[in-house]
Trainee: 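This is the structure I have questions about; it appears just below.
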Number of protein chains: 2
Amino acid sequence: MTTNGLQHRQTEIPEEINGLRMTRQRQEVYRFLMGERTHPTANEVFISIKEALPHVSLATVYNCLEALVQHKIIRQVNFDREPSRYCPNLDEHGHFHDETTGTIHDIKFKPGINLTDILDLPPNTVIKDIEITLRGQLA
Amino acid sequence: MTTNGLQHRQTEIPEEINGLRMTRQRQEVYRFLMGERTHPTANEVFISIKEALPHVSLATVYNCLEALVQHKIIRQVNFDREPSRYCPNLDEHGHFHDETTGTIHDIKFKPGINLTDILDLPPNTVIKDIEITLRGQLA
DNA sequence: ATAGTAATAAGAATGATTCTAAATTGACGT
DNA sequence: ACGTCAATTTAGAATCATTCTTATTACTAT
Ligand SMILES: [Mn+2]
Ligand SMILES: [Mn+2]
Ligand SMILES: [Zn+2]
Ligand SMILES: [Zn+2]
């Protein structure tokens, strides 16, 4: 019988994703985000993974989130000047911010739509990223 | 001969726009933004209008910008977590952030396009605002 | 002019995020 | 296993755009 804590692991996360070594802290951040549709903030991630890693620091959560974003494992989402939120959905999608409840919802694009088709862009423009944000009420 | 400083005014800005009283400070902020396509930050506005109003404070610039935004006279534009920028273009448009030069460009939509047509939104959704941001290079 | 309200100014406070420096961990070769 | 080196984590300090506080000044209306 060992005490390495690996024997009863429930969700298996690979050693490495997109070239990023998945340390215990990164695993917990990633696992939590994968189970959330709410686009949590860094602080919400911090509070939640403290259950599994009581000694984790907020700086590490920021470090993990930055590493995961840079390796395109998760996405960072910003609403105006509010604290950044994090999204595990890698499909191209927009974000709807419901003013009534404060909740955030992923918005898919209708099938067959190319965002660049509707934009009046100069020729030969290289687009690295598109962000679409909506604010309103889910009537 | 008077010293009220109003006799040689070059650009006439009305006393009131969209129900907002145009104080001297608000006029200068607004006048500067109207002459800029660069989407300046609050600090850039501050530095520029100090020529005309040497005693203006940065807090006042923030106050003015907030008032102008709330009365839909200008628009606030955010790129990730960078300082907010301000835009005098009230037409519906997106923003392209050129990584090479750091410049920001307004992006028009192709004629006859309704943004909501391409989004897979739940029925009866009230949309108060849409923001489209692109990042890349103007090849 | 007086009173009441709105706006401005200067500086302090805020808070999400980043930085610093020291300790810990992991990977790799011996 | 051991030593070495790089990567990662940690706690706390620092950063800095923005907001807040409070006193002063400017309008507006009687
Ligand atoms: Mn947070
Ligand atoms: Mn600024
Ligand atoms: Zn999302
Ligand atoms: Zn613009």
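Each chain gets a letter, A, B and so on, in the order the sequences are listed, and its residues count up from 1.
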Trainee: Evaluate side-chain contact (heavy atoms from CB on, under 4.5 Å) for Val61(A) paired with Asn43(A), printing each intermediate quantity in order.
Mentor: CA-CA 8 Å; Val61(A) 171; Asn43(A) 199 49; over 6 Å; no

Trainee: Starting at atom CD of Gln70(B), determine the distance to atom P of dT19(D), rounded to an integer number of angstrom.
Mentor: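 In whole Å, dT19(D) P and Gln70(B) CD are 10 Å from each other.
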
Trainee: Counting only N and O atoms by type, is there a donor-acceptor contact under 3.5 Å from the side chain of Arg81(B) to the main-chain atoms of Glu82(A)?
Mentor: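 Such a contact is found between Arg81(B) side chain and Glu82(A) backbone.
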
Trainee: Take atom CZ of Phe46(A) and atom P of dT18(C), then tell me their distance rounded to the nearest Å.
Mentor: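 Rounded to whole Å, this separation is 16 Å.
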
Trainee: Hydrophobic side-chain clustering at under 4.5 Å (ILVMFWY, transitive links): who's grouped with Val126(A)? Put none if nobody.
Mentor: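 In the cluster with Val126(A) there is nothing else; it is isolated.
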
Trainee: May I have all residue pairs that pass ring-ring contact (aromatic ring centres under 6.0 Å, His included) and include part of residues 94-133 of chain A, sequence neighbours excluded?
Mentor: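 Residue pairs passing ring-ring contact (aromatic ring centres under 6.0 Å, His included), neighbours aside: His39(A)-His95(A), Phe79(A)-His97(A), His93(A)-His95(A).
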
Trainee: Calculate the interatomic distance between Leu65(B) atom CG and dA17(D) atom C1'; express it in whole Å.
Mentor: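 Going from CG in Leu65(B) over to C1' in dA17(D) covers 13 Å.
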
Trainee: Think Tyr62(A) has a side-chain N or O under 4.0 angstrom from the OP1 or OP2 of dT17(C)?
Mentor: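 It does, given that an N or O in the side chain of Tyr62(A) lies less than 4.0 Å from OP1 or OP2 of dT17(C).
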
Trainee: Of Thr60(B), Thr41(B), Leu58(B), Val29(B), which meets side chain to side chain contact (heavy atoms under 4.5 Å, CB included) against Phe46(B)?
Mentor: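 Between Phe46(B) and the candidates, side chain to side chain contact (heavy atoms under 4.5 Å, CB included) is satisfied uniquely by Leu58(B).
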
Trainee: Atom CD of Glu82(A) to atom C1' of dA17(D): distance rounded to whole Å?
Mentor: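 Rounded to the whole Å, the gap is 16 Å.
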
Trainee: Phosphate oxygens OP1/OP2 of dT17(C): is one of them under 4.0 Å from a side-chain N or O of Ser84(A)?
Mentor: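 Checking dT17(C) against Ser84(A), a side-chain N or O does come within under 4.0 Å of OP1 or OP2.
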
Trainee: Separation of Glu66(A) atom CD from dT10(D) atom P, in whole Å?
Mentor: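 So the CD-P distance, Glu66(A) to dT10(D), works out to 16 Å.
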
Trainee: Using C1' atoms of five pairs at each end, report the bend of the helix from dA1(C)-dT30(D) to dT30(C)-dA1(D) rounded to 10 degrees.
Mentor: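 Comparing the first five pairs with the last five, the axes sit 30° apart.
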
Trainee: Return the minimal non-hydrogen interatomic distance between Leu53(B) and Gln25(B), and the atom names on each side.
Mentor: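 Closest pair (atom of Leu53(B), atom of Gln25(B), distance): CD1-CA, 3.8 Å.
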
Trainee: Measure from the side-chain N and O atoms of Asn89(B) to the backbone N and O of Asp91(B), and report whether any donor-acceptor pair falls under 3.5 Å.
Mentor: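 Answer holds: yes.
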
Trainee: For Glu28(A) and dT8(D), what is the distance between atoms CD and P respectively, to the nearest whole Å?
Mentor: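 Spelled out: CD on Glu28(A) to P on dT8(D) is 17 Å.
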
Trainee: Sequence neighbours left out, cut at 3.5 Å: what donor-acceptor pairs do the side chains of residues 132-139 of chain B make with other protein atoms?
Mentor:
| from | atom 1 | to | atom 2 | distance (Å) |
| --- | --- | --- | --- | --- |
| Arg135(B) | NH1 | Glu99(B) | OE2 | 2.3 |
| Gln137(B) | OE1 | Lys128(A) | NZ | 3.0 |

Trainee: Show me the protein contacts with nucleotides 4-9 of chain C, counting only N or O atoms at under 3.5 Å.
Mentor:
| from | atom 1 | to | atom 2 | distance (Å) |
| --- | --- | --- | --- | --- |
| dA7(C) | OP1 | Arg26(B) | NH1 | 3.2 |
| dA7(C) | OP1 | Arg26(B) | NH2 | 3.3 |
| dT8(C) | OP1 | Thr23(B) | OG1 | 2.6 |
| dT8(C) | OP1 | Gln25(B) | OE1 | 3.3 |
| dT8(C) | O3' | Gln25(B) | NE2 | 3.1 |
| dA9(C) | OP1 | His55(B) | O | 3.3 |
| dA9(C) | OP2 | Ser57(B) | N | 3.3 |
| dA9(C) | OP2 | Thr60(B) | OG1 | 2.6 |

Trainee: Atom CD of Gln27(A) to atom C1' of dT25(C): distance rounded to whole Å?
Mentor: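 From Gln27(A) CD to dT25(C) C1': 14 Å.
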
Trainee: Tell me: CG of Asn78(B) to P of dA16(C), nearest whole Å?
Mentor: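 Spelled out: CG on Asn78(B) to P on dA16(C) is 16 Å.
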
Trainee: Restricting to side chain to side chain contact (heavy atoms under 4.5 Å, CB included), what partner residues turn up for Lys108(A), sequence neighbours left out?
Mentor: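 Checked Lys108(A) against side chain to side chain contact (heavy atoms under 4.5 Å, CB included); matches are Asp120(B).
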
